[in-house]
Each structure stands twice: as C-alpha cells, then as structure tokens.
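For reference, the structure discussed in these notes is given below.
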Amino acid sequence: MAEMPSIDTWLREAKADPSFRGCGMYLVHNGTVRETPKAEVRGVETDGVRPGDKVAGMVFSYDAEKVAAAVEETRALDGIGYVRVWLNSGELAVGDDIMLVLIGGDIRPRVIDALQHLVGTIKNTCVVEQELSE
C-alpha cells in the first residue's frame, strides 16, 4: 500500500504547468474503499461481497500501460489541459485511498465529462478489485 500524494501539492504543480493558462477549472476525484459492497450500491452481480454483508477491505491492482493510455486519451479530449493519476495497490482496508485523479480544463462541462470518462475507463478496463468479507 502506497501513501496518497498531497492534493494541495498536485494543485500547486498543476497551476505551475504551462497548461494553467487554458485551465479555468480543476476537478479532483479521490476514490476510497467503502464498507458497502459494490453489488449492493451498484445493483449488479459481482464475485465480491454479497449485498447486506460488509466489506472489510479490498485487494487492488492495475495495469500501468492501460492507465497511461487512458490518461493520454483523456488529455487529448477537447478543452483538457492537465491530467494526473495516482493508483494504490495491494491489500487495502475500509477508508484507504484507492485512487486520486486531477483534471484541469477550460470549462466545467468538459472537465466533468473528462473526469467521468477517465475514472470510468480506469475502473472498467485498467484495474482489478477484489472485495474482502469481514
């Protein structure tokens, strides 16, 4: 398990990047391990913890090449000037940080869409999450 970077530091670095001149908005996503199983909150069948039971933690891993490709794809979206991602790995407990994503862009709708796109791509194609029962 790695220590999550400082959001304040990331924002300072983003605003020092040459892309800051075109960025009117920055959005941060901080994903954490929750106690409620994915099957319960999303209403989908998973091979993880069953609805009604509690999650004790998760084993989390990712494919770095796929994440890098997702970042580059997001960076190429209209209006997006800055993209940065950090992902944890290993056995995580409830409340531990899973990921940190920072996106900067010109206007709110584009930045919101880019954040949604990138986090969705990471969660759906780049990571493996195995919930652990209590």
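Heavy-atom basis, side chains included; hydrogens, waters and symmetry copies ignored. As the structure is a prediction and not an experimental result, all values here were calculated from the model.
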(request) List, by chain and number, the other hydrophobic cluster members for Val44, where Ile, Leu, Val, Met, Phe, Trp and Tyr join if side-chain heavy atoms come within less than 4.5 Å, directly or indirectly. (result) none

(request) Drop me the distance from Ser6's OG to Arg12's CZ, to the nearest 0.5 angstrom. (result) 6.0 Å

(request) Flag yes if more than 12 heavy atoms outside Glu65 fall under 6.0 Å of its CD atom; otherwise flag no. (result) no

(request) Following the transitive rule for hydrophobic clusters with a side-chain heavy-atom cut-off under 4.5 Å over Ile, Leu, Val, Met, Phe, Trp and Tyr, establish whether Leu87 and Val94 coincide in one cluster. (result) yes

(request) Provide the closest heavy-atom pair for Ala39 versus Val49 in the form atom of the first, atom of the second, distance. (result) CB-O, 3.9 Å

(message) Counting C-beta onward and ignoring hydrogens, is there a side-chain heavy-atom pair between Val111 and Ile107 closer than 4.5 Å?
(response) no

(message) Tell me the closest heavy-atom pair linking Ala56 and Ser133, and the distance in Å.
(response) CB-O, 3.5 Å

Please list, one pair per line, the donor and acceptor atoms closer than 3.5 Å that link side chains of residues 120-129 to other protein atoms, with sequence neighbours excluded.
{"from": "Thr121", "atom 1": "OG1", "to": "His117", "atom 2": "O", "distance (Å)": "2.8"}
{"from": "Lys123", "atom 1": "NZ", "to": "Glu129", "atom 2": "OE1", "distance (Å)": "3.3"}
{"from": "Lys123", "atom 1": "NZ", "to": "Glu129", "atom 2": "OE2", "distance (Å)": "2.6"}
{"from": "Asn124", "atom 1": "ND2", "to": "Gly120", "atom 2": "O", "distance (Å)": "3.0"}
{"from": "Thr125", "atom 1": "OG1", "to": "Thr121", "atom 2": "O", "distance (Å)": "2.7"}
{"from": "Glu129", "atom 1": "OE1", "to": "Lys38", "atom 2": "NZ", "distance (Å)": "3.1"}

(request) Consider only side-chain heavy atoms of I, L, V, M, F, W and Y, link residues closer than 4.5 Å, and tell whether Tyr82 and Leu11 are in one cluster. (result) yes

(request) Output yes when a side-chain donor or acceptor of Arg84 lies under 3.5 Å from a complementary backbone atom of Leu102, and no otherwise. (result) no

(request) Using the rule that two of Ile, Leu, Val, Met, Phe, Trp, Tyr join whenever any of their side-chain heavy atoms come within less than 4.5 Å, decide whether Val119 and Val85 are in one cluster. (result) yes

(request) Determine, for Arg110 against Asp106, whether the closest basic-nitrogen to carboxylate-oxygen distance falls under 4.0 angstrom. (result) yes

(request) Kindly determine whether Arg34 and Val41 satisfy side-chain contact (heavy atoms from CB on, under 4.5 Å), including the steps that lead there. (result) CA-CA 10 Å; Arg34 70 176 169 271; Val41 296; 3.1 Å; yes

(request) Keeping the roles fixed (side chain from Glu40, backbone from Gly52), state whether a donor-acceptor pair exists under 3.5 Å. (result) yes

(message) For Gln116, is the CD atom crowded, meaning more than 12 foreign heavy atoms sit under 6.0 Å from it?
(response) no

(request) Would you check if the side chain of Glu131 reaches a backbone N or O of Val55 as a donor-acceptor pair within less than 3.5 Å? (result) no

(message) Does Glu91 have more than 12 heavy atoms from other residues, nucleotides or ligands lying within 6.0 Å of its CD?
(response) no

(request) May I ask whether Met4 and Tyr62 are part of the same hydrophobic cluster, defined by side-chain heavy atoms of I, L, V, M, F, W, Y residues being less than 4.5 angstrom apart, directly or through others? (result) no

(message) For the CG atom of Leu118 and the CD1 atom of Ile80, what is their distance to the nearest 0.5 Å?
(response) 10.0 Å

(request) Quick one: closest heavy-atom pair of Ala2 and Trp86, and the distance? (result) O-CZ2, 3.7 Å

(message) When you compare the side chain of Ile7 with that of Leu100, does any pair of heavy atoms fall below 4.5 Å?
(response) yes

Which donor-acceptor pairs under 3.5 Å do the side chains of residues 17-31 make with protein atoms, sequence neighbours left out?
{"from": "Asp17", "atom 1": "OD2", "to": "Ser19", "atom 2": "N", "distance (Å)": "2.9"}
{"from": "Asp17", "atom 1": "OD2", "to": "Ser19", "atom 2": "OG", "distance (Å)": "2.7"}
{"from": "Ser19", "atom 1": "OG", "to": "Gly81", "atom 2": "O", "distance (Å)": "3.3"}
{"from": "Asn30", "atom 1": "ND2", "to": "Asp97", "atom 2": "OD1", "distance (Å)": "3.1"}
{"from": "Asn30", "atom 1": "ND2", "to": "Met99", "atom 2": "O", "distance (Å)": "3.3"}

(message) I need the Leu115 CG to Leu77 CG distance, nearest 0.5 Å.
(response) 11.5 Å

(message) Looking at every heavy atom in both Asn88 and Phe60, which two are closest together, and how far apart are they?
(response) O-CD2, 3.0 Å

(request) To the nearest 0.5 Å, tell me how far Glu134 CD sits from Lys54 NZ. (result) 7.5 Å

(request) Would you indicate whether the side-chain heavy atoms of Asp96 and Ile98 approach each other to under 4.5 Å? (result) no

